[in-house]
Amino acid sequence: MVARDLLGAVMISYLAGETVAGHIVETEAYLGYDDPASHAWRGRRHRGNEGIYSPPGSWYVYLSYGMHCCANLVCGPTGLGAAVLVRGLVPLEGVEIMRRRRAARKFRHPERLEGGPGRDAALTDGPGKLSQALGITRELDRQPMPASPVVVVEGFGVTDDELRITPRIGITKAADLPLRFLLASRLRHRVA
DNA sequence: GCGCCGATTGGCT
DNA sequence: GCCAATCGGCGCC
């Protein structure tokens with residue numbers, strides 16, 4: 001199960017000439033063709049979702065709610081449309097850079113910076129937020145991960161003990177399937 | 001062509 | 001806890 005394997009891994013971005021990294025602590029699996037919640041449901045195709053059909057190991061980055069980018073790793077056989085959404089990181093390196101990038105796009109009160117003592121996790125605790133902190137845009141869509149400016153490398157091991165599996169959140173279709181994976185040791189406010 | 005909705009986030013009641 | 005921001009896709013006329 002790839003979504004589970006990504007937990008504890010380190011996601012590193014070299015975008016815009018700056019290095020930022022974080023531990024992956026939350027993922028969700030989208031199964032592709034047979035999954036009503038997947039962008040690849042029943043083989044749907046349009047300009048925005050072509051990336052989900054790229055070869056396993058490619059990035060699929062889509063625009064959410066017209067303003068946020070969300071990063072997925074394609075993981076199934078080519079053409080199936082299976083992918084794992086990275087929903088949460090814990091910042092590891094480049095916190096100052098993440099803070100600057102996040103502040104840059106806060107529309108009303110950009111002066112309210114995230115980060116600071118015990119607040120760094122707020123920089124990357126959602127799929128849109130972590131994409132912003134890492135500098136991820138649709139440019140990354142369809143790129144093979146290992147050769148791209150954003151890579152995932154082995155991190156710490158995850159024991160069954162700290163693994164939590166819950167239904168996916170923020171969706172309406174197939175919302176009952178237990179396909180959300182997270183680390184109990186890094187629980188944040190959203191956790192059900 | 002038109003209106004509604006979403007794998008989100010931030011701000012304010 | 002509710003709602004606006006913002007836009008591409010989709011259903012329907």
Side-chain angles (χ1 to χ4, degrees), chain A residues 1-4 6-7 11 22 24-54 58-76 80-91 98-116 119-142 145 150 152 164-182 188-192:
Chain A
M1 179 80 58
V2 178
R4 192 228 135 112
L6 283 177
L7 291 181
M11 189 165 171
I24 296 176
V25 296
E26 179 178 348
T27 61
E28 275 179 355
Y30 286 84
L31 309 181
Y33 192 94
D34 294 314
D35 179 359
S38 169
H39 291 174
W41 183 53
R42 293 186 180 174
R44 277 225 127 110
R45 279 185 182 269
H46 47 81
R47 188 172 74 258
N49 80 344
E50 281 301 317
I52 205 171
Y53 298 105
S54 43
S58 304
W59 288 111
Y60 165 49
V61 180
Y62 70 93
L63 184 64
S64 178
Y65 287 86
M67 59 182 95
H68 307 290
C69 286
C70 297
N72 300 245
L73 263 182
V74 176
C75 62
L80 175 65
V84 174
L85 170 67
V86 182
R87 286 196 62 91
L89 303 179
V90 168
M98 295 184 185
R99 199 172 293 149
R100 190 188 70 230
R101 287 172 173 169
R102 288 281 301 144
R105 274 226 256 160
K106 286 201 166 201
F107 31 95
R108 222 169 303 233
H109 297 289
E111 71 280 9
R112 293 184 193 170
L113 300 182
E114 287 156 338
R119 295 286 186 281
D120 288 349
L123 290 163
T124 51
D125 65 355
K129 294 169 78 172
L130 73 88
S131 290
Q132 207 177 318
L134 267 57
I136 292 172
T137 67
R138 293 260 300 152
E139 293 276 309
L140 188 65
D141 188 50
R142 308 186 72 161
M145 183 271 285
V150 181
V152 175
R164 295 292 180 274
I165 304 178
T166 79
R168 296 176 290 188
I169 60 178
I171 61 172
T172 54
K173 291 166 265 185
D176 53 326
L177 300 179
L179 292 173
R180 175 174 176 241
F181 300 77
L182 42 85
R188 288 149 300 125
H189 68 282
R190 284 172 185 273
V191 174

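Computation of the quantities below employed the complete heavy-atom set of this structure, encompassing side-chain atoms and omitting hydrogens, waters and symmetry-equivalent molecules. Quick note on labels: first sequence line is chain A, next is B, and so on, each numbered from 1.
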Check: Which heavy atom of A/Trp41 sits nearest a heavy atom of A/Asp34, and at what distance?
Finding: CD1-C, 4.1 Å
Note to self: According to side chain to side chain contact (heavy atoms under 4.5 Å, CB included), who are the partners of A/Gln132, at least two apart in sequence or on a separate chain?
What the structure shows: A/Arg102, A/Arg105
Check: Excluding sequence neighbours, so at least two apart, what forms side chain to side chain contact (heavy atoms under 4.5 Å, CB included) with A/Ser131?
Finding: A/Cys69, A/Ala71, A/Ile136
Next item on the list: Would you please confirm or rule out a distance under 4.0 Å between OP1 or OP2 of C/dC10 and any side-chain N or O of A/His46?
Entry: yes
Checklist line | Residues touching DNA chain C, which here means a heavy atom under 4.0 Å, drawn from residues 36-45 of chain A | finding: A/Arg44
Check: Residues in side chain to side chain contact (heavy atoms under 4.5 Å, CB included) with A/Cys70, at least two apart?
Finding: A/Tyr62, A/Ser64, A/Leu85, A/Pro127
Checklist line | Partners passing side chain to side chain contact (heavy atoms under 4.5 Å, CB included) against A/Glu139 (at least two apart in sequence or in another chain) | finding: A/Thr137
Notebook entry, point to check: Who passes side chain to side chain donor-acceptor pair (under 3.5 Å) against A/Arg99, sequence neighbours left out?
Noted result: A/Glu96, A/Asp120
Check: Hey, is the side chain of A/Tyr65 pairing donor to acceptor with the base of C/dA5 inside 3.5 Å?
Finding: no
Check: Who pairs with A/Arg42 by side chain to side chain donor-acceptor pair (under 3.5 Å), at least two apart in sequence or on another chain?
Finding: none
Next item on the list: Could you list the residues that satisfy side chain to side chain donor-acceptor pair (under 3.5 Å) with A/Asp35, not counting sequence neighbours?
Entry: A/Arg168
Next item on the list: Compare side-chain N and O positions of A/Arg47 against OP1 and OP2 of C/dG9 and report whether any pair is under 4.0 Å apart.
Entry: yes
Item checked: Each stem that DNA chain B is part of, given as range with range (3 or more consecutive Watson-Crick or G-U pairs, under 3.5 Å) -> B:1-6 with C:7-12, B:8-12 with C:1-5
